[in-house]
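Written out below as structure tokens is the structure these notes cover.
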Amino acid sequence: MDESFGTGCHLHLIDGSAFIFRAFHALPPLTRKSDGMPVGAVQGFCNMLLQYVGKDHGSDAPTHIAVIFDKGSHTFRNDMYDQYKANRDEMPEDLRPQIPLTRRATEAFNVACKEIAGYEADDIIATLAHQARDAGGRVTIVSSDKDLMQLVGDGVEMFDAMKNRRIDREAVEEKFGVPPERVVDVQALAGDSVDNVPGAPGIGVKTAALLINEFGTLEDLLDRAEEIKQPKRRQTLIEKREQIELSKRLVLLDANTPLDFTLDDLQLRDPDPEALLGFLSEMEFRSLSRRVAETLGAEAPVIPETAPEAADPDDAPEMPPFEEAVYETVTDAGGLKAWIDAAYRRGWVAVDTETTGLNEMACDLVGLSFAIEPGHAAYLPLAHRGEGDGGLFGDGDVTAGQMGIQEALDLLKPLLEDPAVMKIGQNMKYDAKVLGRYGIDIAPIDDTMLMSYAMNAGLHGHGMDTLSERYLGHTPIPIKEVIGTGKSQITFDKVPVDAATRYAAEDADITLRLWKTFKPQLHRAHVTRVYEGLERPLVPVLAAMERAGIAVDRDVLSRMSGAFAQKMAQLESEIHELAGESFNVGSPKQLGEILFDKMGIAGGKKGKTGAYATGADILEDLATEHDLPARVLDWRQVSKLKSTYTDALQEHINRDTGRVHTSYSIAGANTGRLASNDPNLQNIPVRSEEGRRIREAFVAEPGKVLVSLDYSQIELRILAHMAGIGELKQAFLEGQDIHALTASEMFNVPMEEMTSDVRRQAKAINFGVIYGISGFGLARNLRIPRAEAQGFIDRYFERFPGIKTYMDKTTAFAKEHKRVETLFGRVIHTPEIAAKGPRAGFAKRAAINAPIQGTAADIIRRAMIRMPAAIEALPATMLLQVHDELLFEVEEGAVDDLVGAARTVMENAADPVVKLDVPLVVEAGQGPNWAAAH
DNA sequence: GACATCACG
DNA sequence: GACGTACGTGATGTCC
């Protein structure tokens, strides 16, 4: 048995990562009964390994075996091509905890388990296969990955364990149309959208095989490309030579991976029955344990039956009433360790952080609460203080009976970062940011707020109080009752520990109960993909952006504030002079009375509250005849810029970082858009020259620049795709001016004779369509008679009948299902669609707009989620999102690399889930400040 | 706290 | 035939 590897030996190489990924998607989801831990893929993996235990494979019997895993995501291929595998979606959260379990399973079966940092499993497999073949042995690669097919031949075969099918030379030839030796040549030409290997555009596997068979090898083909008869193909191969050669280097496996073991280390060994059966019973695999016990001649372990799942899946999970809940206060390391151990055993824990304030960037951690079972939760106070007003005499001392904050966090960090334990929270971005400032990178996470958002957007809010009342029938203790309100409000660290425990532990308890309620509903609502692909993975990305913040030049803002104050005072005195009396220009009520009563200007219209309307559109109409409204418009603009921007932004500069940190609400906008608050950095002025100067105060650090990338016309492109408008799609494919084209089609004006005014009108119509156009709205926007506007709309629908069809289909769908969906499956509920009266009009237009706006929101979310991996190696940081724009701060020398990488991610963000008929185009700008970058 | 106004996509 | 109306947000100031 201890001879070294050679003739007569048979090595089985199992592609572990690929197997578990396929098993996860192919097998029905299975969870461990006792605690709900997902284990379906682990079971499939163990079933596969079982064949290697004590069985006689005859002449095919393996003598050596190893399971090969990927290690880390960055490999030498990323150094060659930064976009390699950049399109990969995040690993599903239910698969993540199964990866370490798979490694443990391999060890339990006493099978060698190998991985090498910087190399893919495929490279290790290639290296071992070559070594085994050269030593005269046989090799079976357990995988169906086409990237491994280049290794087949000369005693190397593949085996598709899911389909129970051998893959030999003939099977490879059948798939690729060339023998295994030439597979890389075909792959280099055809490219691969999954791994993001570019290949030659327009050439697929069929054409590639044809070319390789004609010319012999890829190198001969490229050298003799001039001989290709088809002109387009010839041109592609000549022009894209470098890209094709890069593709070949990407797909070619490295058979010289440095290994820290030899083939002899992979000899097949019998498992230790105790270790293997112990693992299987821990996983609660009953039939598998029986079969293994039988094979090994051991006693089958007894796995206790736990309570079966509720018979009716619609039944709410059983939970004890809140009145019977038990909330503990954890005061020492022993108590905390008990909770940590319980969390490990369970595989999940609900967590909530309590802090001194709502600003995650400028507050201190006061305590943490935990829940593992409904009705049983704990609060861990860490920084509660005694009396002391926090003012002149400073804060009181930290009171006795609390663990040291550092000691507690040191104990908690491994748990909060353990990939096998799910951390459950309500608005986890908050907790992640706070804990991040204390050096804890909490993962993996589930978020009940985001679960509700994925299922219930449009129906109600997603705050904890709303959800608790709605889904648990329980009103949580109001925070006001704990910290008070108004002037006498205290910070949470001044709250007595017993009151804090009741409040904080209840929050964790509620969060856990909500999770138990929502988790099984996600699947039934068909939003698991949305939740796992578009909501949850955004949490760490946004947390990082918010923590990064953006530098704002206080002096620039301060100078502008001063100038604005002067201008306001000047305008104010002019206005008072014109009015003949002094009044508050900022009061629409007083202004209306001056304009329409005192001065007797015609056109005063009172709104529903009985006050005159004095909005900008009305004042603009008056401004043609009168000076006063014109001055008021100027005053309002300056006043807005000063109070909302130049004054307020200075208040938001963080003391510690010197930067401004916004906070994004993920579940704020019903359509899937983000919203920015405290401060809102998504509405910094840009449309007026005067306002745009405020963007000059948003600056890059010395040595760096700001880079802005924004999607061009993304909503119109989505409309062209969704409504299937051939002319519009064609125009986008050809890169034409879409508003000019619309104008040309509608008004029969040739493109060469287009005037800016006609184009402007067409642009307004295009936007109107996205908003659920109405004659009234368009008339008001263009300031034309309503009949004329209606005429435009009629002509538009005549010219693009597909748009009308799309709008009718969307409203019909909304009426039938009380919801609409984006291309990525995001659900937006439209309960108002059934309303009568004016509200029906609102609901209808919202229903038309939501799939378009929402799809655009989904696309940029996907780009943001993929961005960190794509720019990992660059000295660049993603700072802000403004709906169709991403703003980065990057070292001067790396601008081109960043633009290239970020643009690729953004333009391909819909792939591979949605294949758009129109290209997504991203425009880039850069400069020392945001005004220059935009 | 409601309302009007106005900044953005 | 009348009703009312562009879609989605957040911050500020006034006024009750």
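The chains referred to below are lettered A, B, ... by the order of the sequence lines, with proteins before strands, and numbering in each begins at 1. Computed over heavy atoms, backbone and side chain alike; hydrogens, waters and symmetry mates excluded.
- Atom pair A:Ile848:CD1 and C:dG8:P shows a separation of 11 Å (rounding to whole Å applied).
- Atom pair A:Arg845:CZ and C:dG8:C1' shows a separation of 13 Å (rounding to whole Å applied).
- Going from the P atom of B:dT5 to that of C:dC3 covers 23 Å, rounded to whole Å.
- Atom name P, nucleotides C:dG4 and B:dC6: the rounded distance is 23 Å, in whole Å.
- The side chain of A:Ala846 approaches C:dC7 more closely than any other nucleotide in the set C:dT5, C:dC7, B:dG9.
- Following rounding to the nearest Å, A:Glu923 (CD) and B:dG9 (P) show an atom-to-atom distance of 13 Å.
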Starting at the 5' end of DNA chain C, write a dot or bracket for each base, bracketing those in Watson-Crick or G-U wobble pairs whose two distances are under 3.5 Å and using | for partners on another strand.
......|||||||||.
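- With hydrogens and angles left out, the side chain of A:Arg636 and the base of C:dT12 share no donor-acceptor pair within 3.5 Å.
- Counting non-hydrogen atoms of other residues, nucleotides and ligands closer than 6.0 Å to CZ of A:Arg655 gives a total of 12 or fewer.
- Using a 4.5 Å heavy-atom threshold, the side chains of A:Val527 and A:Glu535 count as separate.
- At least one side-chain nitrogen or oxygen of A:Gln590 sits closer than 4.0 Å to the OP1 or OP2 atom of C:dC15.
- A donor N or O paired with an acceptor N or O is not found under 3.5 Å between the base of C:dC15 and the side-chain atoms of A:Lys589.
- Side-chain atoms of A:Phe813 and A:Arg819, non-hydrogen and from C-beta on, do get closer than 4.5 Å to each other.
- For the contact set between residues 763-775 of chain A and DNA chain C, defined by any heavy atom under 4.0 Å, the members are A:Ala764, A:Gly768, A:Tyr771, A:Ile773, A:Ser774.
- When the P atom of B:dC6 is taken as reference, atom CD1 of A:Ile618 falls 10 Å away, rounded to whole Å.
- With contacts defined as side-chain heavy-atom distances shorter than 4.5 Å, the pair A:Glu690/A:Lys567 qualifies.
- In this structure, the ring of A:Phe792 has its center no less than 6.0 angstrom from the ring center of A:Tyr796.
- Remark: A:Asn584 is in phosphate contact with C:dT14, judged by side-chain N or O atoms under 4.0 Å from OP1 or OP2.
- What you find for A:Lys433 and A:Glu546 is that their closest heavy atoms are NZ-OE1, 2.6 Å.
- Here A:Arg861 does not pair with A:Asp858 in a salt bridge; the nearest charged N to carboxylate O distance is not below 4.0 Å.
- Residue-environment remark: CD (A:Gln566) stays at or below the threshold of 12 foreign heavy atoms within 6.0 Å.
- Under 4.0 Å is where a charged nitrogen must lie from a carboxylate oxygen, and between A:Arg636 and A:Glu620 no such pair does.
- The phosphate of B:dT5 (OP1 or OP2) has a side-chain N or O of A:Thr614 nearer than 4.0 angstrom.
- In this structure, A:Leu778 atom CG and C:dC7 atom P are separated by 13 Å, rounded to whole Å.
- Near-neighbour residues of DNA chain B inside residues 659-690 of chain A, defined by a heavy atom below 4.0 Å, number-ordered: A:Arg673, A:Gln682, A:Asn683, A:Ile684, A:Pro685, A:Val686, A:Arg687.
- Among the heavy atoms of the strands lying under 4.0 Å from A:Arg786 is at least one base atom, whether or not backbone atoms are also near.
- Taking the P atoms as reference points, B:dA4 lies 11 Å from C:dT5, given to the whole Å.
- With contacts defined as side-chain heavy-atom distances shorter than 4.5 Å, the pair A:Ile718/A:Ile859 qualifies.
- Going from atom OH of A:Tyr612 over to atom C1' of B:dC3 covers 18 Å, rounded to whole Å.
- Electrostatic pairing of A:Asp447 and A:Lys429 does not count as a salt bridge here, judged by no charged N lying under 4.0 Å from a carboxylate O.
- At a threshold of 4.0 Å, the pair A:Glu798-A:Arg795 does not count as salt-bridged, since none of the basic side-chain nitrogens sits closer than that to a carboxylate oxygen.
- Heavy atoms of A:Ala616 sit under 4.0 angstrom from primed sugar atoms or phosphate atoms, though from no base atom.
- C:dC7 atom C1' lies 14 Å from atom NZ of A:Lys844, rounded to whole Å.
- For the pair A:Ser587 and C:dC15, the criterion of a side-chain N or O lying under 4.0 Å from OP1 or OP2 is met.
- With rounding to whole Å, A:Met807 atom CE is found 18 Å from C:dT5 atom P.
- Classified by interplanar angle (parallel below 30°, tilted 30° to 60°, perpendicular above 60°), the ring pair A:Phe596/A:Tyr612 is tilted.
- Counting only heavy atoms from C-beta on, A:Pro588 has its side chain closest to B:dT5 among B:dT5, C:dA6, C:dA11.
- Heavy atoms of A:Ala648 sit under 4.0 angstrom from primed sugar atoms or phosphate atoms, though from no base atom.
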